[in-house]
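To start, the structure under review is shown below, and the notes come after it.
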Amino acid sequence: MSRIVGIDLGTTNSLVATVDAGIPLVIADAEGQRLTPSVVHVPGPDAAPVVGHKANRVRVIKPAETVYSVKRFMGRRGAEVAREEMVVTYPIRGEGGGPVQIEMHGRLWTPEEVSAEVLKKLKADAEAYFDGEPVTRAVITVPAYFNDAQRNATKKAGELAGLTVERIINEPTAAALAYGLDKLKEKSKIAVYDLGGGTFDLSILELDNGVFQVLSTNGNTRLGGDDIDAALVAFLVAKVQQAGGENFKFQISNFELLARLREAAEHAKIRLSSETETEISLPFLTPDFSFSHTLTREELERLARPIIERSKAHCLRSLSDAKLEAKGLDQIILVGGQTRMPLVRRLVSEWFGCAEFEETRGDLRLGTDYHKSSGPQLNTSQNPDEAVALGAAIQAEILNGGFKNVLLLDVTPLSLGIETFGGLMNVIIHRNSTIPVKAGEMFTTAVDNQKSMLIHVLQGERERAQHNWSLGRFEIEFEPAPKGVPRVGVQFEIDANGILHVLARDIKTGHQKIVQMTSAVDVDDADVQKMVEESLEHAFDDLRYRQWTEAKIKAGENIMATRKAMTEFASELEEEYRGQLEAALTAVEAVLSTEDSKTKSGDPKKLKEANQQLDEVTKPLAEHAMDKAMEAMLRQRGMIR
């Protein structure tokens, strides 16, 4: 069996790890470096790409030919990418529903192709560690809030690099394995705060009999250290322009100047995690102008605080989804290089009510009396840069048959379902369901002699189909029949990589279609959070709409059936009873006429009462119709004359 490794394909740095003789470890490259910068430099149209530290070193010199932070563009389309995200030091394009692309030396590169070059480098480093033994299989991690398109893009990048991607797992849950949290007492609850270069996730896990189950997850795939770098670069641009005077013109399109400032900003940010101030020196920005500035930790924290505080809402949402308070957690573990920042650790401690921590020379460490019963522990015992890769390696070892006492279960962050008659969303897999998961329901037709059924797959938390995201449509054909007769089974399966497969089967003939949903809706991650919030904000209105719509459908069926029976048995109905039927029908139609033209809704309680009254009045008519049908059947079979 070929080797299987764990890979953390990160925004800033990437790592490859394995389990050797039961010990998880990160594999170093030929230079002894365990972190590989996720940077790719393309020297020329026919030259082989340069990856990692070598590419990072030429980033300032050749910024337009050197790609970094490409993970932010994985699986995304032009319309999804905000203009400010386009402000990188290499040319990027993307419009409408078209893919994001990077142009270098007359060739358009996709983010998947760039990421594949990073993965090829990690693959080669692993093969060197294994003395030339081929490495063809991998577990690759992604942010918990990566959508279907982004997960597929990650898988494609692995395939382009010559790897079979055995599993895609969420970064926070991989980190939980690396921290050895499977050794905690049963029913322990852990929050994983993962703030990396470009993404943020907060996941809450519970350990139960060796099984890690994700209770909830929330996050933003466009929130991370890159945003702090960008804020610091903007701050430095203003300082440079101020120092340079009126004659100095700084253009944001000047990639070389921007690249120098960005590199200086990154290094300064890192140093200020252990120092209180640092000197930024940029000699000869122009032949007659050099720049220097003493940046303090206070200045950096003033710039970074609004960005870091954006993660607080995701933390609260994840706690709410898990039906927990912060004091119900046992530990908070910190993952991602940006969590080295003292401000991050202070804010996380405040938000979750953690035990007091000790701050020394800017480094946070656990005190001897660290635990207190009123709040969870802030666990910083592992290298935040390496935890995700080590967890991926542990998951790889589990797939290879090792570590049999540990199982990792992820969840799906949003509900999935299909559109049904009346424009409602019928949920098949609920939000925060443990994956892999399979669920299905039986559906039928609403119109006579339908020849097919449209399966419209939706993702979201609202009752109306139009308020959710459309993941795709396809049709399943069957024989025409009266409404309510055809039976179509619809089954959703989310595999271990979080990718959705939809099956629709005609029960009568066995004819079926299976569709893999390879892309998600063109919305940004702020809209993901907005959808969840709106589902709570409009919960009562949405419920009212669903109740009204369901009652309206029933009313329509009752009215049609009653009028049909009244026509069929007109000569047999007494005038008084006919009057009762007409009155009941008029009452239902009167309530239906009150439907608001804007909200497409009315008073479901009144309609339900009118339906019930019609049901009561039509009981004798329904019984009479049933008797006549039975009599006709017996006569047809010759049992009566």
Side-chain angles (χ1 to χ4, degrees), residues 11-13 35 37 53 56-57 59-60 63 68-69 87 89 193 195-198 200 223-245 248 250 252 254 256-286 288-312 334-351 354 356-367 378 380 383-385:
T11 306
T12 306
N13 295 295
L35 269 64
H53 292 282
N56 210 26
R57 285 194 283 268
R59 186 166 133 188
V60 174
Y68 57 89
S69 296
V87 183
T89 59
Y193 184 96
L195 185 63
F200 169 72
L223 174 63
D226 281 357
D227 298 290
I228 298 174
D229 295 343
L232 185 52
V233 167
F235 172 81
L236 293 176
V237 165
K239 291 290 184 182
V240 168
Q241 289 175 327
Q242 183 181 1
F248 182 82
F250 185 93
I252 200 73
N254 188 324
E256 291 188 14
L257 283 179
L258 195 60
R260 288 186 66 185
L261 278 176
R262 188 178 183 90
E263 182 182 49
E266 288 178 4
H267 291 165
K269 181 185 72 173
I270 293 169
R271 289 195 298 272
L272 288 176
S273 286
S274 56
E275 302 171 12
T276 57
E277 62 178 42
T278 185
E279 184 74 17
I280 295 176
S281 181
L282 295 168
F284 303 109
L285 283 179
T286 67
D288 56 355
F289 173 67
S290 298
F291 172 77
S292 66
H293 174 73
T294 300
L295 183 70
T296 66
R297 182 187 291 178
E298 183 181 356
E299 284 179 314
L300 175 62
E301 290 187 348
R302 191 164 55 248
L303 295 169
R305 180 179 284 270
I307 296 167
I308 297 167
E309 286 184 338
R310 286 165 55 194
S311 69
K312 182 179 180 179
L334 298 182
V335 180
Q338 196 56 54
T339 62
R340 294 180 185 276
M341 191 176 196
L343 176 63
V344 173
R345 299 186 175 189
R346 287 203 306 273
L347 289 177
V348 171
S349 294
E350 290 173 12
W351 298 339
C354 293
E356 296 298 325
F357 57 81
E358 182 179 343
E359 187 169 352
T360 307
R361 298 185 312 279
D363 296 323
L364 301 177
R365 67 187 186 188
L366 304 184
L378 185 69
T380 60
N383 182 333
D385 291 308

For [X], what residues pass the side chain to side chain contact (heavy atoms under 4.5 Å, CB included) criterion, not counting sequence neighbours?
| X | result |
| --- | --- |
| Ser69 | Thr11, Asp226, Arg262 |
| Ser290 | Pro283, Phe284 |
| Ala264 | Ile280, Leu282 |
| Pro37 | Asn13, Val39, His53, Asn56 |

Quick one: side chain to side chain donor-acceptor pair (under 3.5 Å) partners of [X], sequence neighbours excluded?
| X | result |
| --- | --- |
| Glu309 | Arg305 |
| Thr12 | none |
| Glu263 | none |
| Glu279 | Thr294 |

| field | CG-CG distance between Leu300 and Leu295, expressed to the nearest 0.5 angstrom | value |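 If we round to the nearest 0.5 Å, Leu300:CG and Leu295:CG are 6.0 Å apart.
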| At what distance, to the nearest 0.5 angstrom, does CZ of Arg345 lie from OG1 of Thr339? |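 If we round to the nearest 0.5 Å, Arg345:CZ and Thr339:OG1 are 5.5 Å apart.
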| said: Assess the residue pair Leu378 and Val348 against the criterion (side-chain contact (heavy atoms from CB on, under 4.5 Å)); give the C-alpha distance rounded to whole Å, side-chain angles, the decisive distance to 0.1 Å, and a yes or no. | reply: CA-CA 8 Å; Leu378 185 69; Val348 171; 4.0 Å; yes
| What pairs with Glu299 under salt bridge (Lys or Arg N to Asp or Glu O under 4.0 Å), at least two apart in sequence or on another chain? |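 Counting only residues at least two positions away or on another chain, Glu299 forms no salt bridge (Lys or Arg N to Asp or Glu O under 4.0 Å).
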| message | Test of understanding: with salt bridge (Lys or Arg N to Asp or Glu O under 4.0 Å), list the residues that count as partners of Arg59, not counting sequence neighbours. | response |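 Residues passing salt bridge (Lys or Arg N to Asp or Glu O under 4.0 Å) with Arg59: Glu266.
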| query | Does some side-chain heavy atom of Leu272 sit less than 4.5 Å from a side-chain heavy atom of Met341? | reply |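 A side-chain contact under 4.5 Å is absent here.
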| request: Mind checking ring-ring contact (aromatic ring centres under 6.0 Å, His included) for Phe235 and listing every partner two or more places apart, or none if nothing turns up? | output: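 His293.
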| request: Write out all pairs satisfying salt bridge (Lys or Arg N to Asp or Glu O under 4.0 Å) with one or both partners inside residues 229-242, taking only residues at least two apart or from two chains. | output: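 Sorted pair list: Asp229-Lys269.
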| task | Give me the one residue out of Leu195, Ile270, Thr380, Asn383 that meets side-chain contact (heavy atoms from CB on, under 4.5 Å) with Arg340. | result |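 Answer after filtering Leu195, Ile270, Thr380, Asn383: Asn383.
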| message | Could you report the tightest heavy-atom contact between Asp385 and Gly336, atom names first, then the distance? | response |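 In this case the closest contact between Asp385 and Gly336 is OD1-C, 4.5 Å.
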